[in-house]
Amino acid sequence: MKIKPLSDRVVIEPSEAEEVTQGGIILPDTAKEKPLMGKVTAVGEGKMLKNGETAEMSVKVGDLVAFGRFAGTDFKVDGKEYKIMHESDILGVIE
Amino acid sequence: MKIKPLSDRVVIEPSEAEEVTQGGIILPDTAKEKPLMGKVTAVGEGKMLKNGETAEMSVKVGDLVAFGRFAGTDFKVDGKEYKIMHESDILGVIE
Amino acid sequence: MKIKPLSDRVVIEPSEAEEVTQGGIILPDTAKEKPLMGKVTAVGEGKMLKNGETAEMSVKVGDLVAFGRFAGTDFKVDGKEYKIMHESDILGVIE
Amino acid sequence: MKIKPLSDRVVIEPSEAEEVTQGGIILPDTAKEKPLMGKVTAVGEGKMLKNGETAEMSVKVGDLVAFGRFAGTDFKVDGKEYKIMHESDILGVIE
Amino acid sequence: MKIKPLSDRVVIEPSEAEEVTQGGIILPDTAKEKPLMGKVTAVGEGKMLKNGETAEMSVKVGDLVAFGRFAGTDFKVDGKEYKIMHESDILGVIE
Amino acid sequence: MKIKPLSDRVVIEPSEAEEVTQGGIILPDTAKEKPLMGKVTAVGEGKMLKNGETAEMSVKVGDLVAFGRFAGTDFKVDGKEYKIMHESDILGVIE
Amino acid sequence: MKIKPLSDRVVIEPSEAEEVTQGGIILPDTAKEKPLMGKVTAVGEGKMLKNGETAEMSVKVGDLVAFGRFAGTDFKVDGKEYKIMHESDILGVIE
C-alpha cells in the first residue's frame with residue numbers, strides 16, 4: 001500500500017540527517033536552511049500546463065534527491081516517515 | 001441529497017484521524033502539518049483553463065486521498081462531516 | 001427591480017443559517033469557516049478570458065449553492081438581504 | 001469639463017448613501033462592507049488584453065451601479081463628488 | 001535636457017494642489033486618497049506585451065491627467081518638480 | 001575585467017548624488033524616494049519572454065539613466081562602486 | 001559524486017568573501033546587500049516554459065558569477081561548501 005502523488009508531487013523517503021553518503025555528502029542537521037536528502041519512492045504524472053498538456057517529471061523512482069528543510073508535508077506509512085512535495089521543491093539529484 | 005462541487009473542487013468524507021488503514025498508514029492527529037485522509041464522494045467538472053477548456057480531474061469518486069490538515073472547508077450533510085476542497089489541495093491517492 | 005451582476009458574479013439570497021433543508025443539510029452558524037448556502041437569483045455573463053472571450057457560468061438562477069462565511073458583499077433590496085459574490089467563491093451546488 | 005477615464009476605469013457620481021431608490025433598494029451607510037451605488041458618468045476604452053486588443057466595457061454612461069465602500073478614488077468637479085474606479089470593482093448594474 | 005521615460009512610464013509636471021482649473025476641478029490637498037493632476041511632458045514607448053510587441057500609450061504629451069497622491073517618483077529638472085509614473089497609475093485625462 | 005549582467009539586468013556607474021548635470025538636473029540625496037542617476041556600463045541580453053524569445057533592451061552602454069534610491073545591488077570593481085539592476089527598475093534615460 | 005541541479009538551478013562553489021580577483025573586484029563581506037561571487041560547478045537543464053519547452057541556460061560550468069548574499073541554499077560535498085540557486089538569482093558573469 002502506498003500513496004500515488006497527484007500532479008507534480010513526489011514521495012520521498014528521507015535519509016537520516018547525519019548520514020554520510022558514500023561520496024561523502026554531509027547534510028548536517030544544525031543549520032536552518034541546509035538541504036536534506038532522500039530517496040524518491042513515487043512520482044506524480046506531472047503538472048498540468050496552461051494548454052492542458054502534462055509536463056514530464058524530471059525525477060524518477062529511486063533517485064536520491066536534495067531538498068530544503070521545510071519542503072513538503074510529512075506522513076507515515078507502516079511506521080516509516082515519508083515526505084510528499086512538489087518537484088519544484090527538489091533542489092537536485094545526487095549522482 | 002448532496003453537494004455537486006464546482007470547478008476543480010472535490011467533496012471528501014474524512015477518515016478518523018487515528019484510523020489505521022489495512023495497509024497500516026497512520027496519519028496521527030498531533031503534528032501540526034501532518035496530512036489527513038478521506039474518501040472522495042463527489043468531484044467537480046474540472047478547472048477551466050485559460051483557453052476556456054476544462055481540465056480533466058485526477059481523482060474520482062471512491063478514491064481514498066491524503067490532504068493537509070488545513071485544506072478545504074467543513075460542512076455537514078445529515079449529521080456527517082464532509083470537506084470540500086480544490087483538487088490541488090489533495091496530496092495523493094492512497095492505493 | 002434587481003441587480004444584474006457583472007462579470008462572473010452571482011446574486012444569492014442566503015438561507016437562514018439554522019435552516020435544515022429537506023435533505024437534512026445543516027449548515028450551523030457557530031463555526032468560523034463553515035459554509036453557508038442560499039438561492040441564486042441572478043448571474044453575470046461570465047468572466048472574460050485572456051483571449052477576450054467570455055467563460056460560461058456554471059450556476060444558474062434557482063440553484064441552491066453553498067459558499068464560505070466571508071464570501072461576497074451584502075446588500076438589501078426591498079428589505080431583503082442578498083449577497084453578491086464571484087462564482088469562484090461558490091463551493092458547490094446543493095442537489 | 002470632465003475626466004475621461006483610462007483603461008477599464010469608470011467615473012461614477014455616487015448616490016446619497018441613505019437614498020431609497022424607486023424600487024426600494026436601500027444601501028445603508030452603517031455596515032462596513034455594504035455596497036454603495038451611483039450613476040456612471042464616463043467610461044474608459046477598456047482594458048488592454050495580453051494580446052494587445054481592448055476588452056469591451058460592460059457598463060455604459062447612465063448605468064446605475066453598485067460598488068463596494070472602499071472602491072475607487074474620490075475627486076471633485078465643480079463642487080460635486082465623483083469616484084473613479086476599475087470596472088472590476090463594480091458589483092453589478094441596478095435595473 | 002529632459003528624461004525620456006522607459007516602458008509605459010510618463011513624466012508629469014504636477015499642478016499645484018490647490019489649483020482651480022478653468023472648468024472648476026478642485027483637487028484638494030487635504031484628503032489622503034484624493035487624486036492630483038498635472039501635465040504630461042514625456043511618454044515612454046509603451047509596455048512590452050508578453051508576445052514581445054509594444055502596447056500603444058493612451059496619453060500623449062500635453063495631456064492634463066489625474067493621478068493618485070502616492071503615484072510615481074519625484075525628481076527635479078532645472079528646479080522644477082516632476083513625477084515619473086507608470087501609465088497604469090494615471091486615473092484619467094482631464095478634458 | 002567587468003561583469004556581464006544576465007537577463008534584463010544592467011550595470012550602472014552611479015553619479016554623485018549631489019551632482020548637478022549640465023542641463024541642471026539636481027537629484028538630491030535627502031528625500032526618501034527621489035531618483036538617482038548614473039551611466040550604463042553594461043547591459044544584459046534581455047529578458048526571456050514566455051515563448052522563449054528574448055526581449056530587446058531599451059537602454060544601451062553610455063546612457064545616462066535615472067533610477068529609484070533602492071533599486072539594484074551594489075558592488076565594487078577596482079575600487080569603484082557600481083549598481084546592477086533590472087532594466088525595469090530604470091525610470092528613464094536622461095537626454 | 002555531485003548534485004545535478006533541477007530546472008534552472010545552478011551549483012556554485014563560492015569564493016572567499018574577502019578574495020581579491022586578478023581584475024581587482026572586491027566583494028566585501030560587511031555590507032548587507034553586497035553581491036558575492038563563485039564558480040559554477042553544475043547547471044540544470046533549464047526552466048520549463050509555459051508551452052512545455054525548456055529555456056536554454058545562460059551560464060555554464062566554469063563561469064565566475066556574482067550573486068546576492070541571500071541567494072540560494074547551502075550544502076556541503078566532501079567538506080566543501082556549495083550553493084544551489086536559481087539562475088535568475090545570478091546577477092552576472094564576471095569576465
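Protein chains get the first letters and strands the later ones, always in sequence-line order, with residue 1 at the start of each. As a basis for the values below, the full set of heavy atoms in this structure was taken, side chains included, without hydrogen atoms, waters or symmetry mates.
In this structure the side chain of B/K2 never reaches within 4.5 angstrom of the side chain of C/I94, judged on heavy atoms. Looking only at side-chain heavy atoms (C-beta outward), B/I3 and C/L91 stay at 4.5 Å or farther from each other.
Scored by the side chain to side chain contact (heavy atoms under 4.5 Å, CB included) test, B/K39 finds no partners at all (sequence neighbours excluded). C/E13 meets the salt bridge (Lys or Arg N to Asp or Glu O under 4.0 Å) test with C/K80; sequence neighbours excluded.
Minimum heavy-atom separation, C/I90 to B/R9: O-NH1, 2.9 Å. B/M48 approaches C/L49 most closely through the heavy-atom pair SD-CD2, 4.1 Å.
Neither the backbone nor the side chain of C/T54 comes within contact range of chain B, judged by heavy atoms closer than 4.5 Å. Only the backbone of C/E56 comes within less than 4.5 Å of a heavy atom in chain B; its side chain stays farther off. For chain B, the nearby part of C/V59 is the side chain; its heavy atoms alone come within less than 4.5 Å.
Separation of atoms NZ (B/K4) and OG (C/S58) is listed at 7.0 Å; rounding is to 0.5 Å.
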